[in-house]
Amino acid sequence: MIAIHFEETDDCKQLLDQLRTYIQNYAAYGLKGTVEKEGETTILLNYENQFVNFYDSFHPLLVSVLTDYVISTKEEEWLLDIVETMFYFTAKEEQQEIITIARAILEGDRDDLPMMKTFFNRRAYIYEAFANHVEEETSFFYEPFLTFRLREYGEMLIDCVEMAIDEYMLEQEYQNMIEDLRHYVKSHQPKFSCLHIVHDQGFTLYDEHFRRLTREELLFHLNVELMFEEALEVEEMVVSPLVSLLPRRVYLFTDEPDDGVILTLQAIFEERLRLYPLRAYEPESTNF
């Protein structure tokens, strides 16, 4: 018999409903067990199959349900507490944006941070804690278990929030820079009627006559106060030279419209920029 004691009746009822559903669903596969409620705050579980070892069947199911229940009911609350009490972000909008980034990291949805998928495997932290504690005959109190047995998970959440805040601040800095460059483009007279950009592995800038702009020309026009790219040679830059050149129109040829640099250029130049497929770039015959 396994007894799980709760302080909150809602936690007891929600987990009870989930356990009953899982046991009913798996009964057809030979999983024999009962789940009962004792009073308002205790769940009693009993594994009845004598032919299949408890640790090969009921134990992994119970541990998985407990793990998923913690993530679905507690994680958001704990992330918010970390954001507010440890890092002092009190504005609701900022809190939500940071938590959204943190959850994306935890779910492995940040493709720009692939190395974090293993590091932030929070399900493994929780699963292992329950797996090491839950025995065939055991009784434990749910809330103290979360407090004392999930410390590694809590420390991982703190690390995750810290990384989410770094990403949030970088995003804010990026958005501010985009806004400044957009304002610069709108508030200054164009220097060129149009410029062409060909994106084929790298980015190449051409003037209105389809003549490739030289390194010397890019340096001549480059406004150092508008530097967007860091630690790049001028011929490798795209955003800073293009904004400095102040074209009235930008024609960009690419087969990768979702490229990060292209999205940045669209955010800055807005309706001034037009996208075309790479195959459309034919200087001798193209008219714009």
Side-chain angles (χ1 to χ4, degrees), residues 91 93-94 96-98 100-101 104-105 109-114 163-283 286-288:
E93 184 175 343
E94 284 189 321
Q96 194 52 55
E97 290 190 35
I98 292 168
T100 298
I101 296 172
I105 293 172
D109 293 335
R110 288 296 298 257
D111 293 335
D112 54 329
L113 302 169
M163 176 169 286
I165 289 172
D166 288 342
E167 291 299 306
Y168 171 73
M169 299 303 290
L170 285 172
E171 177 64 22
Q172 292 301 110
E173 182 181 349
Y174 168 80
Q175 293 298 339
N176 290 336
M177 292 179 68
I178 292 297
E179 182 59 35
D180 289 344
L181 295 177
R182 185 188 297 124
H183 179 264
Y184 181 85
V185 167
K186 288 182 176 180
S187 60
H188 287 74
Q189 287 295 319
K191 295 180 182 178
F192 289 80
S193 60
C194 73
L195 290 175
H196 303 88
I197 305 176
V198 176
H199 176 219
D200 186 6
Q201 296 183 339
F203 291 85
T204 308
L205 276 65
Y206 298 86
D207 67 11
E208 63 269 33
H209 304 297
F210 298 98
R211 181 184 59 83
R212 181 172 181 171
L213 296 174
T214 65
R215 183 177 190 276
E216 289 70 26
E217 287 176 301
L218 295 176
L219 280 171
F220 175 78
H221 289 284
L222 185 64
N223 185 340
V224 293
E225 294 181 359
L226 303 175
M227 292 292 287
F228 184 84
E229 301 94 335
E230 296 291 340
L232 289 180
E233 295 294 331
V234 65
E235 58 267 28
E236 297 174 326
M237 297 179 184
V238 182
V239 178
S240 303
L242 194 62
V243 173
S244 300
L245 288 162
L246 286 167
R248 189 184 304 276
R249 292 283 183 189
V250 180
Y251 302 108
L252 201 160
F253 302 85
T254 182
D255 287 334
E256 300 177 53
D258 294 327
D259 179 88
V261 173
I262 293 173
L263 294 176
T264 296
L265 292 175
Q266 286 182 302
I268 295 169
F269 287 93
E270 299 179 311
E271 71 280 354
R272 296 189 185 203
L273 187 145
R274 298 180 184 176
L275 284 181
Y276 298 92
L278 187 59
R279 65 178 180 276
Y281 181 67
E282 297 177 2
T286 304
N287 294 312
F288 298 99

*Heavy atoms, side chains only, cut-off 4.5 Å: are V239 and L226 in contact?*
no
*asked:* Is it true that, when you exclude R211 itself, more than 12 heavy atoms of the residues, nucleotides or ligands shown sit nearer than 6.0 Å to its CZ?
replied: yes
_For a quick test of reading the model, state the closest non-hydrogen atom pair linking P190 to R272 and the distance between them._
CG-NH1, 4.4 Å
*Do you know the tightest heavy-atom contact between V224 and M227?*
O-CG, 3.0 Å
_Taking every non-hydrogen atom, the tightest pair across K191 and L245_ = CB-O, 3.2 Å
*Minimum-distance pair of heavy atoms, taken over all atoms of E235 and L218*: CA-CD1, 4.4 Å
_Gap between atom OH of Y251 and atom CD of E208 - 0.5 Å precision_ = 11.0 Å
*Side chains of D180 and Y184 in contact at under 4.5 Å (non-hydrogen atoms)*: no
*When rounded to the nearest 0.5 angstrom, what is the spacing between CG in N223 and NE2 in H188?*
8.0 Å
*asked:* I want to check something: taking the side chain as every heavy atom from C-beta on, are L273 and Q266 in contact at a cut-off of under 4.5 Å?
replied: yes
_Just verifying a value: how many Å separate E256 CD and I262 CD1, rounded to the nearest 0.5 Å?_
7.0 Å
*When rounded to the nearest 0.5 angstrom, what distance separates CG in L278 from OG1 in T254?*
7.0 Å
*Below 4.5 Å, heavy atoms only, C-beta onward: do L222 and V234 meet side chain to side chain?*
yes
*Is there side-chain contact between L242 and F203, with at least one heavy-atom pair below 4.5 Å?*
no
_Residue among E179, E171, Q172, E173 satisfying side chain to side chain donor-acceptor pair (under 3.5 Å) with Q175_ = E171
_Test item: F228 and I268 side chains (from C-beta on) under 4.5 Å apart, heavy atoms_ = no
*Of all the heavy-atom pairs spanning E217 and T214, show the shortest one and how long it is.*
OE1-N, 2.9 Å
*Pairwise side-chain contact, L195 with D207, heavy-atom cut-off 4.5 Å (strictly under)*: yes
_Between F253 and Y206, ring centroids under 6.0 Å_ = no
*Mind checking the CD1-CE spacing from I101 to M163? Nearest 0.5 Å is all I need.*
11.5 Å
*So how far is it from F269 CZ to L246 CG, rounded to the nearest 0.5 Å?*
7.5 Å
*asked:* Taking the side chain as everything from C-beta on, heavy atoms only, tell me whether E229 gets closer than 4.5 Å to V238.
replied: yes
